[in-house]
Amino acid sequence: MRAGPARKDKKDNTFSFSGRRYETPVDLRDKEIQLRYDRRRQDTTAVVIYHKGQRLGAARLLDAVANGLKRRKEQP
């Protein structure tokens with residue numbers, strides 16, 4: 001796996017990578033995340049999310065309709 005550049009998760013728990021939008025597996029709004037992926041693969045669908053060195057799971061390609069319908073808790 002190759003570590004990609006750090007990036008910030010948006011308020012709707014999404015981020016962009018290699019021209020695609022992804023959803024994070026857990027609530028990481030406004031937090032810096034690290035991406036890891038297999039650089040030997042042509043597709044970039046297998047992206048793993050890390051936060052502060054802890055593996056949190058695989059990112060999912062964005063389903064814009066479902067993401068827009070989610071209810072989110074207000075952050076303090």
Side-chain angles (χ1 to χ4, degrees):
M1 296 290 263
R2 177 184 173 150
R7 56 196 70 229
K8 195 169 186 177
D9 196 26
K10 297 186 181 298
K11 292 183 191 242
D12 62 354
N13 282 316
T14 65
F15 63 94
S16 61
F17 172 67
S18 191
R20 295 179 173 179
R21 301 279 309 157
Y22 292 87
E23 296 177 281
T24 57
V26 296
D27 186 5
L28 293 168
R29 286 180 279 183
D30 294 324
K31 295 190 169 76
E32 190 172 281
I33 58 175
Q34 178 95 36
L35 310 179
R36 295 193 186 169
Y37 61 97
D38 186 348
R39 65 179 171 195
R40 296 172 301 206
R41 292 180 61 170
Q42 292 297 321
D43 67 351
T44 54
T45 56
V47 178
V48 180
I49 306 297
Y50 284 75
H51 176 62
K52 295 184 178 179
Q54 182 180 4
R55 185 184 194 275
L56 299 176
R60 298 176 303 272
L61 282 172
L62 176 65
D63 179 344
V65 173
N67 186 275
L69 296 174
K70 284 183 184 175
R71 295 181 70 90
R72 293 177 178 82
K73 295 178 187 174
E74 292 294 321
Q75 287 190 333

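As the structure is a prediction and not an experimental result, all values here were calculated from the model.
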Intermediate values then yes/no, side-chain contact (heavy atoms from CB on, under 4.5 Å), I49 and L35: CA-CA 5 Å; I49 306 297; L35 310 179; 3.5 Å; yes
Backbone of Q34 reached by a side-chain donor or acceptor of H51 within 3.5 Å: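 No, H51 side chain to Q34 backbone: no donor-acceptor pair under 3.5 Å.
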Mutual orientation of the aromatic rings belonging to F15 and Y22 [parallel < 30°, tilted 30-60°, perpendicular > 60°]: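 Parallel: the ring planes of F15 and Y22 meet at under 30°.
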Can you give me the closest heavy-atom contact between [X] and [Y], atom names plus distance?
X   : Y   : result
P25 : L56 : CG-O, 3.6 Å
N13 : R29 : OD1-N, 3.3 Å
V26 : T24 : O-OG1, 2.8 Å
R20 : L61 : CD-CD2, 3.8 Å

By side chain to side chain donor-acceptor pair (under 3.5 Å) - contacts of R21 (at least two apart):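 Partners of R21 by the side chain to side chain donor-acceptor pair (under 3.5 Å) criterion, ordered by chain and then number, come out as T14.
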Distance, nearest 0.5 Å, that separates CZ of R55 from CZ of R36: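 Reported value, rounded in 0.5 Å steps: 9.5 Å.
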